[in-house]
Structure formats: structure tokens, C-alpha cells
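Convention: sequence-line order gives letters A, B, ...; per-chain numbering from 1. Just so it is clear, the model here is predicted, and its values are computed rather than measured.
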2 protein chains.
Amino acid sequence: MPDRTKAKSKPFGDAAAFSEAAECLKMLAHPVRLRIVQLLLQGRYTVGELAEDCGVPDNVASEHLRLMQRCGFFTSEREGRRVYYQVAEPHLENIINCVEDRFLSSLQSKSA
Amino acid sequence: MPDRTKAKSKPFGDAAAFSEAAECLKMLAHPVRLRIVQLLLQGRYTVGELAEDCGVPDNVASEHLRLMQRCGFFTSEREGRRVYYQVAEPHLENIINCVEDRFLSSLQSKSA
DNA sequence: TTGACATATCGTGAGATGACGATACTATCG
DNA sequence: CGATAGTATCGTCATCTCACGATATGTCAA
């Protein structure tokens, strides 16, 4: 029995931290958002470019981007009529790598 | 401009893989489930133990465990009246580590 | 200015999620 | 056997999520 004392080390004391982490994961837990994060980890893209790649209308992509921007995932810069998004949260790369390891590994490798 | 050709490498072709990954992340995207995964990565626990630590009623914990078991996260073994759950999906550890790095690092370190 | 393009925001509605209480099952104890 | 502890399942309901269409904003070109 490996230290089953459970010594009240954490009777879920930091529930707030877990909630914050859960919120973040919820943001990632959508196929289109996942794809958008993956793309933006490789460079800057506009709303329209992301929308086209994901096969969703522009406004849908725009909403996903807004949600993720509110979480601090991305920042945006307007250039003319276009708006470029880019990654602002450095830990996204680690998490996406884990996810790719498990689910998307076969697709990614050939890009190198 | 870093190869912005976007060479139709993936017009979201593998949407199925992204959906599967998103489903998995959705499972993790809940504070109680996150905590349960963290605990089970450190050993076997019963429904009641997990429920108490998380501060939720037994049936709620049981439902979360059932959902995660359906995803292949866990397996369970009955011992007398109790049911012990344990981790079955090895990649959970990596993902949780990433999440801890970002959100829960201050709590975990003292365990070492 | 007018019109077209790119993006953002809003209202709505269908579907999913998650907590709760009640109940049912399983195993042990007396 | 009945009683109880531990777990699982079900129905219900409030809430959230997400896509859609419509509309608004911002930018540039003519």
C-alpha cells in the first residue's frame, strides 16, 4: 500500500487551481480549436485562412478565436482588413505535443 | 514568412483524429475529473475515497469514473464491497504533467 | 462616397453536460 | 434471513455549448 494515508495533503484544497486548469482544457477540447492551435503554433494566420483550413464559416472561426484570446491563448494584430492571430501562451506547445503524441502522431511527422 | 503555402497539407482532413482528441480532452476538462486522474496516477483508490477527497457525493464520483472508464482511462476491480479504480491509459501521465506544469506546479513540488 | 472585403458581434435554438435525489444492485455482517 | 455499507444507474432539470443567420464594424479601392 503506497502511502495510502492520503494525509489530507489535499482534500481538494486547491479546487480553484483545478477549475482554472479545467477551463483551459475545455478551451482545447474542440476539434476546430485544437486544429487552430496547432496551426498557430506554426505561424501567424488570418481568420479567413484558419476558417478555410478548418472548413468552417469565418464567423465561427472568429468566435473560437475570440474565446481563446480571452483565455490568453492568442493575441491579434490587424493589418489592413485582415487580422493575424498568434500564440501568446507558451505552454500550449507542450500540451499540444502531448495530444499529438497520443492522437495525431501519424499525421504530423511528414511535415519535417 | 515561414512556408505560408499551407500546401493543403491538411485541409482538416483528419478531422476524425481531432474529434477523438477533443473528446479525450473534454473528459479531462472538469475539476473533479482532473483531480481524480491526478490521484489515480499515484495509486489505486475506491469510489468513496475519491469522492471524499473531491468533496462530492459518491454517486457523482461514480458517474465521473464511469465516463472516464468508457474512454479507456481507467479499469476497475471489485474487492469485497469496494471497487478500486486505476489508470489504464499511459498517456494520461504526460498530459497531466503538462497541466500541472502550467497550473498546479506550486502544489505538487513538495511531494518529491 | 459607394461598394466590396475581412472580421466581429449578437440572438436564437438544438443538443450536450452535469448535479441531484431516488432507487437498484452487490457484498458483508449478525 | 434482514440490515447495512459501498457502488451503480436512472429521471429530471438547470445550465452551458455551439453553429447558424443576420447584422455591425473596420478597411481599402475606385
Side-chain angles (χ1 to χ4, degrees), chain A residues 4 6 12 15-16 18-37 39-40 44-71 73-86 88, chain B residues 4 6 12 15-16 18-37 39-40 43-71 73-86:
Chain A
R4 177 54 42 69
K6 195 151 42 83
F12 210 28
F18 282 87
S19 289
E20 193 192 348
E23 288 301 305
C24 173
L25 287 172
K26 216 171 278 185
M27 271 304 114
L28 286 177
H30 186 289
V32 168
R33 291 198 290 262
L34 216 45
R35 175 63 173 153
I36 288 176
V37 171
L39 284 167
L40 288 181
R44 287 163 86 235
Y45 286 94
T46 68
V47 176
E49 289 172 327
L50 296 166
E52 189 194 350
D53 181 282
C54 296
V56 299
D58 291 352
N59 61 343
V60 170
S62 179
E63 298 224 44
H64 287 304
L65 287 163
R66 175 169 53 141
L67 288 175
M68 292 192 275
Q69 195 172 23
R70 279 184 173 276
C71 280
F73 284 13
F74 305 143
T75 58
S76 61
E77 298 169 359
R78 184 174 276 276
E79 279 183 27
R81 342 180 154 174
R82 315 204 163 177
V83 174
Y84 282 88
Y85 282 81
Q86 55 203 309
Chain B
R4 176 53 42 68
K6 191 148 45 80
F12 211 29
F18 283 86
S19 289
E20 193 191 348
E23 289 300 305
C24 173
L25 288 172
K26 215 172 278 185
M27 271 303 115
L28 286 177
H30 185 289
V32 168
R33 291 197 291 263
L34 216 44
R35 174 65 173 153
I36 288 176
V37 171
L39 284 166
L40 289 180
R44 287 164 84 235
Y45 287 94
T46 67
V47 176
E49 289 172 327
L50 296 167
E52 189 194 350
D53 181 284
C54 295
V56 298
D58 290 353
N59 62 343
V60 169
S62 180
E63 298 224 46
H64 286 305
L65 287 163
R66 177 168 51 141
L67 287 176
M68 291 193 277
Q69 194 171 23
R70 279 185 173 276
C71 280
F73 284 12
F74 305 142
T75 58
S76 61
E77 298 169 359
R78 172 153 237 139
E79 280 182 27
R81 354 182 144 170
R82 315 202 165 178
V83 174
Y84 283 88
Y85 281 81
Q86 55 203 309

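You won't find any donor-acceptor pair under 3.5 Å spanning the side chain of A/Arg81 and the base of C/dT7, going by distance alone.
Phosphate proximity of C/dA6 to A/Arg82: present, with a side-chain N or O under 4.0 Å from OP1 or OP2. Residue B/Tyr84 places no side-chain N or O under 4.0 Å from the OP1 or OP2 atom of D/dG6. The side chain of B/Arg66 places an N or O atom within less than 4.0 Å of a non-bridging phosphate oxygen (OP1 or OP2) of D/dT9. Taking 4.0 angstrom as the limit, A/Thr46 places a side-chain polar atom (N or O) nearer than this to OP1 or OP2 of C/dT7.
Taking atom CG of B/Asp58 as the reference point, atom P of D/dA5 lies 12 Å away to the nearest angstrom. One atom, CD of B/Glu63, and another, P of C/dA22, lie 15 Å apart when rounded to the nearest Å. Here D/dC16 presents its C1' atom at 17 Å from CG of A/Leu25, a figure rounded to the nearest Å. If you measure from atom CD of B/Glu49 to atom P of D/dA5, you get 17 Å, rounded to the nearest angstrom. Taking atom CE on B/Met68 and atom P on D/dA8, their separation rounds to 12 Å, with Å as the unit. Summarising the geometry, the separation between CG on A/Leu65 and P on D/dA19 is reported as 13 Å, rounded to the nearest angstrom. As rounded to whole Å, 11 Å separates atom C1' of D/dC18 from atom CG of A/Asn59. Atom CD of A/Glu23 is separated from atom C1' of C/dT17 by 13 Å (rounded to the nearest Å).
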